[in-house]
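Worksheet: the structure to be examined is printed underneath.
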Amino acid sequence: MIVTTEDLFKVAYGKFAIGAYNINNLEQCMGLFQGCVDSQAPFIIQISKGARSYTDKKMLEAIIRAADEIFPDAVFAVHLDHGDLESCMDCINSGSYSSVMIDASHESFAKNIEITRKVVDTAHAKGISVEAELGQLGGVEEHVSVSEANAKLTDPEQAKEFIEKSGCDCLACAIGTSHGAFKFTGTQGLHFDVLEEIQKKLPGFPLVMHGSSSVPQEEVRRINAAGGDLKGAKGVDENQFKRAAQLGVTKINIDTDGRLVWTRVHREFFRDKPEKFDLRDPGKIFMKEYAAFIAGKNEKLGSAGQLPLIKKQLGIK
Ligand code: G3H
Ligand code: 13P
Ligand code: ZN
């Protein structure tokens, strides 16, 4: 059942984080639903601008509606990831989204507020909630490229002013993560001190952590052993998710890890079975492996096993 992102956050805040997983095709969608039902976890499906234009924006929305029928036990929200003004308005009007993210973090503070406010006013009129971003993650985002050297963590004082003026419903904070498979070069990690300060200034306000793939070293090893070249890939320690959740992080974004599972399955499959060419053979393995990956990730987020609580609190039978 599709629910509002806001409802999921109300139940989760301070207790656990909801996994927000990006999908681009039906195999990812099936694996995601299966993994979340198996682990009894609520979840958020994220669709990026790139995912919307991979085939046709209607395609993923239709796949999600079908999955909703196939998995009647699933409880989830549908979210636009890293939208701009145009894509936010499009998703708000589509009727298929629970929430949108307006990412104007590359703009000045004032411009970020102005653009976010526009989206908030339109979205709220339709009962859709809005995620905004303040601060800049290192690495490469969908339409924003920020070098690691220029990465700027979120300023807690500015965060308070930002949410008051923009009216956003949750805030993506830069606390040391970056998108992609190469997050850290040395011993850097999450800046819990910054997160603590933000929570002090914004008690009860849902925070979002982007760039949260853990880039499992065993996946990287297997990909490289099967012909890949991902030297130095490194991610976030997933054992830190629960601490982040206690500090107000209610949504944790994971995309890269799913891509790694896909790459490992397909590289190993075609390495070991060079005579095969039926795409459904590796596809079936991927759906099963991705479901297992999702279920394991939900354990780390603390969302596994929370479906009965969510259903009770939201009055879902
Ligand atoms: O944060 C970005 C997400 O991982 C989406 O990536 O723009 O390649 O779909 P994408
Ligand atoms: P990763 O690249 O760490 O998976 O981050 C995904 C993300 O933040 C999507 O918005
Ligand atoms: Zn992101």
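Everything numeric in this text was worked out from a predicted model, so none of it was measured. Both counts, for ligands and for their atoms, begin at 1 and track the order of listing.
- Using a 4.0 Å cut-off between a side-chain N of Lys or Arg and a carboxylate O of Asp or Glu, E218 and R221 qualify as a salt bridge.
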- [ ] Just do the side-chain hydrogen bond (donor to acceptor under 3.5 Å, both in side chains) check on D169 and H124 with the steps written out, would you?
- [x] CA-CA 10 Å; D169 305 283; H124 284 185; 2.7 Å; yes

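- Closest non-hydrogen pair, C170 versus F9, comes out as SG-CE1, 3.7 Å.
- Annotation: H179 places an N or O atom under 3.5 Å from an N or O atom of ligand 1; distance criterion only.
- V249 and M101 fall into different hydrophobic clusters, where Ile, Leu, Val, Met, Phe, Trp and Tyr side chains are chained together by heavy-atom contacts under 4.5 Å.
- Summary of contacts: the protein heavy atom closest to atom 8 (O) of ligand 2 is G211 N, 2.8 Å.
- Which parts of ligand 2 touch N22 is read off a 4.0 Å heavy-atom cut-off, strictly below it: atoms 9 (C).
- Near G180, meaning under 4.0 Å from one of its heavy atoms, ligand 2 places the atoms 2 (O).
- Here the protein heavy atom with the shortest distance to atom 9 (C) of ligand 2 is D81 OD2, 3.2 Å.
- Below 4.0 Å from some heavy atom of I254 lie the following atoms of ligand 2, by number and element: 4 (O).
- Within H210, ND1 is the N, O or S atom that lies nearest to the Zn ion (ligand 3).
- The single protein non-hydrogen atom nearest to atom 3 (O) of ligand 2 is K183 NZ, 2.5 Å, given as residue, atom name and distance.
- A salt bridge between E114 and K111 is present, with a side-chain N of the basic residue lying under 4.0 Å from a carboxylate O of the acidic one.
- For ligand 1, the atoms closer than 4.0 angstrom to any heavy atom of D255 are 3 (C), 4 (O), 5 (C), 6 (O).
- No hydrogens or angles considered: nothing links the side chains of T116 and S166 as a donor-acceptor pair under 3.5 Å.
- In T256, neither the side chain nor the backbone holds a heavy atom less than 4.0 Å from any atom of ligand 1.
- Between A74 and F33, the shortest heavy-atom distance links the atoms CB-CD2, 3.7 Å.
- Taking the six-membered ring for Trp, F269 and F286 have ring centres at least 6.0 Å apart.
- Side-chain atoms of S39 and N298 include a donor-acceptor pair closer than 3.5 Å.
- Near N22, with a cut-off below 4.0 Å to any heavy atom, the atoms of ligand 1 are 3 (C), 5 (C).
- Within the structure, ligand 2 lacks M209 among the residues with a heavy atom less than 4.0 angstrom away.
- A salt bridge links D278 to R280: at least one charged side-chain nitrogen sits closer than 4.0 Å to a carboxylate oxygen.
- Within ligand 1, the atoms closer than 4.0 Å to a non-hydrogen atom of H82 are 1 (O), 2 (C), numbered from 1 in the order shown.
- Near S212, with a cut-off below 4.0 Å to any heavy atom, the atoms of ligand 2 are 3 (O), 5 (O).
- Which parts of ligand 2 touch H210 is read off a 4.0 Å heavy-atom cut-off, strictly below it: atoms 8 (O), 10 (O).
- Side-chain polar atoms of D84 and S87 form a donor-acceptor pair below 3.5 angstrom.
- Here is the list of ligand 2 atoms found below 4.0 Å of a heavy atom in H179: 2 (O), 5 (O), 6 (C), 7 (C), 8 (O), 10 (O).
- When only non-hydrogen protein atoms are considered, atom 2 (O) of ligand 2 lies nearest to T256 OG1, 2.6 Å.
- The shortest N or O to N or O distance between R259 and ligand 1 is under 3.5 Å.
- Side-chain N/O atoms of S48 and H82 include no donor and acceptor closer than 3.5 Å.
- Close approach of ligand 2 to H82 (heavy-atom distance below 4.0 Å) involves ligand atoms 10 (O).
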